Structures are given as structure tokens and as C-alpha cells.
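One structure is given below, encoded as C-alpha cells.
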Amino acid sequence: MRVVDGFVHHPPFEVLHPPLQRVPFVFNSPHSGSAYPRAFLAATRLDAEAIRRSEDSFVDELFAEVVADGAPLMRAHFPRAYLDVNREPYELDPKMFAGRLPAFVNARSVRVAGGLGTIARVVADGEEIYAGPLAVEEGLARIEAIYKPYHAALRRLVTATQARHGVAVLVDCHSMPSATRGQDQRPRPDVIVGDRYGTSCSAELSDSAVAILTDLGFTVGRNRPYAGGFITESYGRPALGVHAIQIEVNRGLYMDEARFERSADFLETARLLGRFARRLIADFADGAAPRVAAE
């Protein structure tokens, strides 16, 4: 965790660009941010460990090799508990705020009901984040200052990639706890591939992802319980030549989940995911995924 005074002088996100984008792929890590604004920490009722439970810790590092392979990697510095760009822009819970939210807010989504809207009410294990109500102006300011610029930058990356290569593939990179909560404590697969049940990318692309990961020794699930969020759903337009796929990596593979530290297996996991990315890119180039769906 880094403590920052805000995101005026500290960039809320960045894009790691290769010298030349040689491949039609864009990688995105929207939940790996660990820079916590001092004012946000003062407003939370959680300690420094509890507030981090929503982080996809180190995911940007797991996929860092893609930059050397010719693909840009976008990564958040702001934490998911502060703002979640994998939601609609205004999925907000009125009960969180002191004041009236605008009429266009989506206050009835399933994600809002679960406390995990654009500005979350709870961290991933269900603990309340804030000690008291949040000012409406504060919530809307986060969306204007960070959410909208983030998506504008991601959209530019995808659009420029398609303009250069005739097609674009967005790989949205995430992580998940190693075990489910509650009574069901069964371990999860090593990786879950999400394609919004076949709607956000070609079947060939997601089939290729599953096959490569399996061949590399991972246990692989598909769409359950993570089919892809707002980013996968809204950016993926395979009929128009833009494919979006979500990769969810089990944290037990690479980190100590209780201490938020990289484990001894971190480098090996990163190496294997680098091989996965290179093979997925090669398969796509060889025609494993169509450029534009047949009309």
C-alpha cells in the first residue's frame, strides 16, 4: 500500500506502451491499484489490511511481459475500494450518500444491491468501508476526475489498435480469492476465462485461451462465477472486430493473501502467464479467432 495526498500530482492510472505496438492486443488491469488517498483512509472504518481486500494485488505485474511482446498494458493506481471502473459510470447506492444523487444514477443494479457499485459500500468480504455518509459531491468528483478519463484512455487504446491492425483484442486482467466464502470452501480453479457467455469475443478466442492455459498446467473454469464485468461486456463487439475477454487468476497461485505479499511462486506464475499471452497472440494471428464475425 502507498498513501498519497490525492490524484492531482499522483497519476491515477498509466499506460505502459511498447516502442511499437506489433500486435492487436491491449491488456488492462483495472483493479490492481494500491495508492490510497490519505483523505479516503481517514474516512474509512477499516484498517490498512481490511481496506485492501478488494485489490487484485500484483495483477499488473503478472502480465507485465506483454509490453515487451508488443502490447500496451493499462493499469490503475487508484484502489478498487475507492472507485471501480469495471462498473457503469453511475452505479451508486443512495444509502451511502449525504444528499440527493442525480436522477440518472442506476441505484437498482445487482452490483449496487451487493454493495459493490462504482463507488463501493463494502470491500470484497462484505465489511462496510465508510465510517459515515459520503458527500454526493465527493462521489461524483471521483467519477469525473478518474472514471471518465480512465475509460477515455482505454477506448483510445482499443480504437487505435483496431485502426492499426484492423481488429482489437482487449484482455481484462483480474484476480480472485483462492476459496469461496461461507459454507462452500471448495478451492477455485487456477484461472477463470470470461467471455460473457460467448457474447464478448469469438468462440475461437475463448476456446484458444482455455486450451492454452490447460496445456500450461492450470486448472481452468469458464464464465462461472466470473463471466466478465462492465469492461468485458461493453467493449466486446466481435461482430465489429473488437473482442474482449476476462482472465481471472487465483491469488493462491502467486501471493500470500493474508499478508498481501508475493509468494515464492510469483515469478513462475508470471512466467507462465507471459507464455499464455504470447501463445494467445500467436493463435489469433494464425487465424484461431476470426478478424470480424461472418455477416
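Since this is a predicted model, take the numbers as computed values, not measurements. In what follows, every heavy atom counts, from backbone to side chain, and hydrogens, waters and symmetry copies are set aside.
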**Message:** Under the criterion side chain to side chain contact (heavy atoms under 4.5 Å, CB included), I'd like the reasoning laid out for His174 against Gln246: C-alpha separation, chi angles, the key distance, then a yes or no.
**Reply:** CA-CA 7 Å; His174 296 263; Gln246 179 174 286; 3.6 Å; yes

Just verifying a value: how many Å separate [X] [atom1] and [Y] [atom2], rounded to the nearest 0.5 Å?
X	Y	atom1	atom2	result
Leu273	Leu62	CG	CG	6.0 Å
Ser206	Arg222	OG	CZ	4.0 Å
Arg111	Leu116	CZ	CG	10.0 Å
Glu14	Arg75	CD	CZ	4.0 Å
Leu157	Leu170	CG	CG	9.0 Å
Ile119	Arg80	CD1	CZ	14.0 Å

Side chains of [X] and [Y]: do they bring a donor and an acceptor to under 3.5 Å?
X	Y	value
Asp60	Ser29	no
Ser208	Asp283	yes
Asp190	Thr219	yes
Ser109	Glu91	yes
Arg196	Thr232	no
Glu233	Ser200	no

Is the shortest side-chain N to carboxylate O distance from [X] to [Y] below 4.0 Å?
X	Y	result
Asp256	Arg262	no
Arg259	Glu49	no
Asp215	Arg279	yes
Arg271	Glu65	no
Arg45	Glu128	no

Is there a continuous path of hydrophobic side-chain contacts, each under 4.5 Å between heavy atoms, that joins [X] to [Y]?
X	Y	answer
Phe104	Val112	no
Val3	Val8	no
Leu267	Phe63	yes
Tyr130	Met1	yes

How about [X] and [Y]: do any of their side-chain heavy atoms sit closer than 4.5 Å?
X	Y	answer
Val193	Ile245	yes
Arg164	Thr161	no
Ile192	Arg224	no
Tyr36	Arg2	no
His243	Arg237	no
Val122	Glu127	no
His31	Glu55	no
Val242	Thr159	no

**Message:** I want to check a possible cation-pi pair here: Arg87 against Phe230, using under 6.0 Å from ring centre and within 45° of the ring axis as the test.
**Reply:** no

**Prompt:** With a distance cut-off below 6.0 Å to the six-membered ring centre and an angular limit of 45° from the axis, does Arg155 pair with Tyr235 as a cation-pi contact?
**Reply:**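 Judged by the rule, Arg155 and Tyr235 form a cation-pi pair.
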
**Asked** Under the ring pair (Phe, Tyr, Trp, His ring centres under 6.0 Å) test, which residues partner Tyr147, sequence neighbours left out?
**Response**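 Counting only residues at least two positions away or on another chain, Tyr147 forms a ring pair (Phe, Tyr, Trp, His ring centres under 6.0 Å) with His151.
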
**Asked** So Phe13 and Phe7, ring-ring contact (aromatic ring centres under 6.0 Å, His included) or not? Walk me through it.
**Response** CA-CA 9 Å; Phe13 60 87; Phe7 294 110; 9.7 Å; no

**Request:** Report the C-alpha separation of Glu257 and Ser178 in whole Å, then their side-chain angles, then the decisive distance to 0.1 Å, and conclude whether the side-chain hydrogen bond (donor to acceptor under 3.5 Å, both in side chains) test is met.
**Result:** CA-CA 8 Å; Glu257 296 172 81; Ser178 59; 2.6 Å; yes

**Pair Phe284 and Phe25, ring centroids less than 6.0 Å apart** = yes

Which heavy atom of [X] sits nearest a heavy atom of [Y], and at what distance?
X	Y	result
Leu73	Asn28	CD1-N, 4.3 Å
His10	Ala35	NE2-CB, 3.9 Å
Asp195	Cys201	CB-SG, 3.7 Å
Tyr254	Ser57	OH-O, 2.8 Å
Ile231	Asn86	N-OD1, 2.8 Å
Arg121	Gly114	NH2-C, 4.1 Å

Please confirm whether the backbone N or O of [Y] pairs with a side-chain atom of [X], one donor and one acceptor, at under 3.5 Å?
X	Y	value
Ser175	Asn250	no
Asn106	Arg108	yes
Thr269	Leu253	yes
Ser54	Val123	no

**Request:** Flag yes if more than 12 heavy atoms outside Glu268 fall under 6.0 Å of its CD atom; otherwise flag no.
**Result:**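 Above 12, so yes.
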
**Message:** Checking Met255 against Glu261 for the side chain to side chain contact (heavy atoms under 4.5 Å, CB included) test, could you report, in this order, the C-alpha distance in whole Å, the side-chain angles of both residues, the deciding distance, and whether it holds?
**Reply:** CA-CA 6 Å; Met255 67 177 284; Glu261 295 176 352; over 6 Å; no

**Message:** With side-chain contact (heavy atoms from CB on, under 4.5 Å) as the test, pick out the partner of Pro30 among Asp56, Leu154, Asp84, Val85.
**Reply:** Val85

**Request:** Take Val169 and Ile281, measure what side chain to side chain contact (heavy atoms under 4.5 Å, CB included) needs, and give me the verdict at the end.
**Result:** CA-CA 9 Å; Val169 178; Ile281 291 167; over 6 Å; no

**Message:** The test is side chain to side chain contact (heavy atoms under 4.5 Å, CB included); show your working for Asp93 and Met96 and say whether it passes.
**Reply:** CA-CA 6 Å; Asp93 185 349; Met96 288 179 57; 4.0 Å; yes

